[in-house]
Amino acid sequence: MSPARPCKGLRAAVAASVGLSEGPTGSARSGRLLRPPSPAPAAPGARLLRLPGSGAVRAASPERVGWTEALRAAVAELRAGAVVAVPTDTLYGLACSASCSAALDAVYRLKGRSEAKPLAVCLGRVADVYRYCHVRVPEGLLKDLLPGPVTLVMERSEELNKDLNPFTPEFQDLWPELSLVIDGGPIGNGQSPECRLGSTVIDLSVPGKFDIIRPGCALESSTAVLQQKYGLLPSHGSCL
């Protein structure tokens with residue numbers, strides 16, 4: 001893979017879910033990480049960093065150093081315009097800088113994804129949602145749902161890269177095309193029937209309404225917040 005084009009400023013990261021090593025986990029990765037029985041060797045082209053430990057988080061220095069190293073490496077690669085593989089709340093995914101058009105093209109190419117199918121944008125704070133979206137729901141609703149295994153659909157603002165969503169296989173096979181792989185082991189409990197559901201996708205673009213685009217693994221808790229706490233009504237045709 002040729003060197004990625006440098007991109008100035010890391011404003012947001014795109015996390016595009018792929019069928020790598022799938023399964024749900026708790027918000028903020030509070031769930032127990034189950035380590036694979038034997039590590040898979042890294043393929044040429046991708047640098048592999050394994051997150052340390054499983055089970056209860058220890059306060060030992062090597063544990064903190066391992067997570068810090070992975071975070072710094074991922075940030076450096078994203079800022080350089082590369083594509084990396086990372087564990088998320090629900091699935092493993094490919095990530096790149098949303099401000100880098102060349103990296104966005106690489107994600108679509110690697111996944112064989114139609115440009116008509118949008119990518120999700122991951123933000124560091126709920127406050128950032130107001131920068132990149134036109135928000136028509138109470139801030140408390142956003143804070144009740146985020147962070148967690150939920151994807152919200154809203155009208156985009158002019159702040160987003162215009163090349164992002166212009167039209168609104170096995171993990172190891174992709175490694176030669178990636179710059180970095182963050183290995184957190186299988187996510188969540190592989191015995192759970194929700195293992196492959198991914199995040200709950202909710203359209204909040206219509207005031208007073210919500211539309212469940214994909215039920216995902218947080219449907220019940222999310223709809224309880226939307227209906228019981230905020231009085232939102234399901235849109236006609238919502239897949240409830």
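Worth saying up front: this structure is predicted, and the values here are computed from it rather than measured.
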Between [X] (side chain only) and [Y] (backbone N and O only), is there a donor and an acceptor less than 3.5 Å apart?
X: R47; Y: L178; result: no
X: S205; Y: E155; result: no
X: T223; Y: E220; result: yes
X: R156; Y: N161; result: yes

Worksheet item: How close do P149 and C217 get, heavy atom to heavy atom, and via which atoms?
Response: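 For P149 and C217, the tightest heavy-atom pair comes out as CB-SG, 3.6 Å.
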Report task. Identify the two heavy atoms, one from T200 and one from A218, that lie closest to each other, and give their separation to 0.1 Å. Result ->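 Looking at all heavy atoms of both residues, the shortest contact is OG1-N, 2.8 Å.
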Quick one, [X] and [Y] - any side-chain contact, counting heavy atoms below 4.5 Å?
X: V206; Y: D211; answer: no
X: I212; Y: I202; answer: yes
X: L123; Y: Y132; answer: yes
X: L152; Y: L142; answer: yes
X: L141; Y: L232; answer: yes
X: F210; Y: Q227; answer: yes
X: L145; Y: L226; answer: yes

Only one of L119, L110, V107 passes side-chain contact (heavy atoms from CB on, under 4.5 Å) with C96, and that residue is V107
Check your understanding: Would a hydrophobic clustering, with Ile, Leu, Val, Met, Phe, Trp and Tyr connected at side-chain separations under 4.5 Å, put L233 with V225?
Key -> no
With sequence neighbours left out, the residues meeting side-chain hydrogen bond (donor to acceptor under 3.5 Å, both in side chains) with D163 are S101
